[in-house]
Amino acid sequence: MSQTVCNNPLLYPVRPPVKWAGGKGQLIWQFIPLFPDQFKCLIEPFVGGGAVFFYLRPAQAILLDCNEELINFYQVVRDKLDFLLADLRRHKNTAEYYYQVRAQEPAALTDVQRASRFLYLNKTGYNGLWRVNREGRHNVPFGRYKNPKIVDEENLRTVSAALKRAEIKHGDFSRVLEVAGPEAFVYLDPPYHPLSGTARFTSYTADCFGEKDQRRLAEVFRELDRRGCRVMLSNSDTEFVRELYPAYNITTVMARRAINCRADGRGLITELVVRNYVR
């Protein structure tokens, strides 16, 4: 295997361009000793905010997600950045304008307009969330930020450069089995199994991710292991998750809960990192 990450990511930092539920930016420093020493291609079937990809910046990557708006956004940033930057500059940070944009039907927009809408809502919506109802409609209220950075051209250009080395695909996480070979490093960051019956976050897609999906994901993990991939998975620290991966290396990391309507509900909790390798 050949290692393909940036020689020194700290020299050229790339910030994830969107805030995402469960984003791993806060955990990168705990992940560094857990990443494999060598791999040929990084595959992320739940790319989300892409913190792991933008930290490692491999020479070859395949990024997947079931969220069509997110995937379209990454594709536009990679392929049509100048058009996106021009469209972003027309947006206004007012509640009236925000709700007009939120009410737009994405399918009626061009890919650039759709990506612009996506980033605008992410930057100006409450708490930077992307959340949809069962009809697939974005339902986050206006965030009332004084001066949100809607157009971060410098970082978007570094993001675009990183994405030019990646294939970006829309689809279910199981599509990883179409592309994963023995020299791949697969990082799985699914919607977490809830810590309690009342802890479930309303989905970032119209479909929920329940126990049936968690079991299906565990089968994909085992198949990737059989293929010789190096596989790393993040999830909540629950007995259910631990029972899904009894034969693998489980490490705990400390994470801060970010999605909670009460500030005092955002303390540190343990999360699990499951791997089929030591290093």
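No experiment lies behind these values; they were computed from the predicted model shown. Numbers here simply count residues along the sequence, with the first being 1.
Looking at Ser234 and Tyr187, their side chains do bring a donor and an acceptor atom within 3.5 Å of each other. There is a side-chain donor-acceptor pair under 3.5 Å between Arg131 and Asn139.
Judged by distance alone, the side chain of Asp213 and the main-chain N or O of Gly210 form a donor-acceptor pair under 3.5 Å. Under the 3.5 Å distance criterion, the side-chain polar atoms of Lys19 are matched with a main-chain donor or acceptor of Asn127. Side-chain N or O atoms of Thr158 include none that pairs as donor or acceptor with a backbone N or O of Val14 at under 3.5 Å. Between the side chain of Gln113 and the main chain of Thr110, a donor-acceptor pair closer than 3.5 Å is present. In this structure, Gln75 contributes its side chain and Ile168 its backbone to a donor-acceptor pair below 3.5 Å. At distances below 3.5 Å, not a single donor-acceptor pair connects side-chain atoms of Asn122 with backbone N or O atoms of Leu129.
Paired with Tyr97 under the rule side chain to side chain donor-acceptor pair (under 3.5 Å), one option of Lys92, Arg102, His91 passes, and it is His91. Paired with Val18 under the rule side chain to side chain contact (heavy atoms under 4.5 Å, CB included), one option of Val77, Leu70, Val159 passes, and it is Leu70.
The shortest non-hydrogen separation linking Gly181 to Cys229 is O-SG, 3.0 Å. Between Pro45 and Leu188, the shortest heavy-atom distance links the atoms CG-CD2, 3.5 Å. Closest approach of Pro106 and Arg117 over heavy atoms only: CG-NH1, 3.4 Å. Taking all atoms of both residues into account, the shortest heavy-atom contact from Leu27 to Met254 is CD2-O, 3.2 Å. Of all non-hydrogen atoms in Leu156 and Pro17, the two that sit nearest each other are CD2-CB, 4.0 Å. Taking all atoms of both residues into account, the shortest heavy-atom contact from Arg57 to Arg165 is O-NH2, 3.6 Å.
Salt bridge annotation for Glu154-Arg15: absent, with no cationic side-chain nitrogen under 4.0 angstrom from a carboxylate oxygen. Under the 4.0 Å criterion applied to side-chain N and carboxylate O atoms, Arg114 and Asp87 are not assigned as salt-bridge partners. A salt bridge links Asp172 with Arg216: the closest approach of a Lys/Arg side-chain nitrogen to an acidic carboxylate oxygen falls below 4.0 angstrom. Using a cutoff of 4.0 Å between basic side-chain nitrogens and carboxylate oxygens, Arg227 and Glu223 are scored as salt-bridged.
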>> Applying ring pair (Phe, Tyr, Trp, His ring centres under 6.0 Å) to Tyr126 and Phe142, what does each step give before you reach the verdict?
In response: CA-CA 5 Å; Tyr126 178 75; Phe142 181 56; over 10 Å; no

> Does the pair Glu271 and Arg256 meet the rule for a salt bridge (Lys or Arg N to Asp or Glu O under 4.0 Å), with working shown?
Replying inline: CA-CA 10 Å; Glu271 292 186 1; Arg256 185 171 298 278; over 6 Å; no

>> I'd like to know whether Tyr98 forms a side chain to side chain donor-acceptor pair (under 3.5 Å) with Asn93, so could you lay out the CA-CA distance, the side-chain angles of the two residues, the decisive distance to 0.1 Å, and finally the verdict.
In response: CA-CA 7 Å; Tyr98 176 88; Asn93 183 37; over 6 Å; no

>> Before you tell me yes or no, could you show the steps for Asn67 and Ile71 under side-chain contact (heavy atoms from CB on, under 4.5 Å), namely the whole-Å CA-CA distance, both residues' side-chain angles and the distance that decides it to 0.1 Å?
In response: CA-CA 6 Å; Asn67 187 299; Ile71 289 301; 5.9 Å; no

>> Show, in sequence, the C-alpha distance, side-chain angles and deciding distance for Val253 and Thr270, and conclude whether the side-chain contact (heavy atoms from CB on, under 4.5 Å) test is met.
In response: CA-CA 6 Å; Val253 295; Thr270 58; over 6 Å; no

>> One pair to check against side-chain contact (heavy atoms from CB on, under 4.5 Å): Arg215 and Phe240. What are the steps and the verdict?
In response: CA-CA 10 Å; Arg215 294 183 189 281; Phe240 173 76; 3.4 Å; yes

> Does the pair Arg157 and Asp82 meet the rule for a salt bridge (Lys or Arg N to Asp or Glu O under 4.0 Å), with working shown?
Replying inline: CA-CA 9 Å; Arg157 290 201 180 279; Asp82 287 334; 2.8 Å; yes

>> Go through it in stages, so that I can follow the logic: the residues are Val273 and Leu233, the test is side-chain contact (heavy atoms from CB on, under 4.5 Å), and I'd like the CA-CA distance, side-chain angles, deciding distance and then a yes or no.
In response: CA-CA 6 Å; Val273 175; Leu233 173 140; over 6 Å; no

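Both cation-pi conditions hold for Arg275 and Tyr277: the charged atom is under 6.0 angstrom from the six-membered ring centre and inside a 45 degree cone around its axis.
No side-chain heavy atom of Phe118 sits less than 4.5 Å from a side-chain heavy atom of Val101. Side chains of Leu177 and Leu224 form a contact here, defined as non-hydrogen atoms less than 4.5 Å apart. Side-chain contact check for Gln60 versus Leu42: every heavy-atom pair is 4.5 Å or farther apart. Counting heavy atoms from C-beta outward, Asp65 and His170 have side chains that stay 4.5 Å or more apart. Residues Tyr120 and Arg90 form no side-chain contact, since every pair of their non-hydrogen atoms from C-beta on lies 4.5 Å or further apart. Contact annotation: the side chain of Phe46 approaches that of Phe209 to within less than 4.5 Å [non-hydrogen atoms, C-beta and beyond]. In this structure, the side chains of Leu63 and Lys169 stay at 4.5 Å or more apart for every pair of heavy atoms. Between Leu119 and Leu121 the shortest side-chain heavy-atom distance does not fall below 4.5 Å.
Annotation: the span from Arg242 atom CZ to Thr252 atom OG1 amounts to 7.0 Å, rounded to 0.5 Å. Atom OH in Tyr245 sits 10.5 Å away from atom CG in Leu272 (nearest 0.5 Å). For the atom pair Ile269 CD1 and Leu195 CG, the distance stands at 5.0 Å (nearest 0.5 Å). In this structure, the separation between CZ on Phe54 and CD1 on Ile28 is 11.5 Å, given to the nearest 0.5 Å. Remark: Ile43 CD1 to Arg230 CZ distance equals 14.0 Å, nearest 0.5 Å. Atoms CG and NZ, on Leu85 and Lys80 in that order, are 14.0 Å from each other to the nearest 0.5 Å.
More than 12 non-hydrogen atoms from other residues, nucleotides or ligands lie less than 6.0 angstrom from NZ of Lys164. More than 12 heavy atoms of other residues, nucleotides or ligands lie within 6.0 Å of CD in Glu178, so this atom counts as buried by the packing criterion. Residue-environment remark: CZ (Arg137) stays at or below the threshold of 12 foreign heavy atoms within 6.0 Å. Counted within 6.0 Å of CZ on Phe83, heavy atoms from surrounding residues, nucleotides or ligands total 12 or fewer; the atom is thus considered open.
Clustering ILVMFWY residues whenever any of their side-chain heavy atoms sit less than 4.5 angstrom apart, transitively, puts Val179 in the very cluster that holds Phe173. Val140 and Tyr145 sit in two unconnected hydrophobic clusters of ILVMFWY residues. Membership requires side-chain heavy atoms under 4.5 Å apart, directly or through other members. Criterion: ILVMFWY side-chain heavy atoms under 4.5 Å apart, direct or through other members. Under it, Val278 and Ile32 are not part of a common hydrophobic cluster. By the criterion of side-chain heavy atoms lying less than 4.5 angstrom apart, applied directly or through intervening Ile, Leu, Val, Met, Phe, Trp or Tyr residues, Leu81 is not grouped with Leu109; the two fall into different hydrophobic clusters. Hydrophobic clustering of Ile, Leu, Val, Met, Phe, Trp and Tyr side chains at less than 4.5 Å, counting indirect connections, unites Val132 with Phe73.
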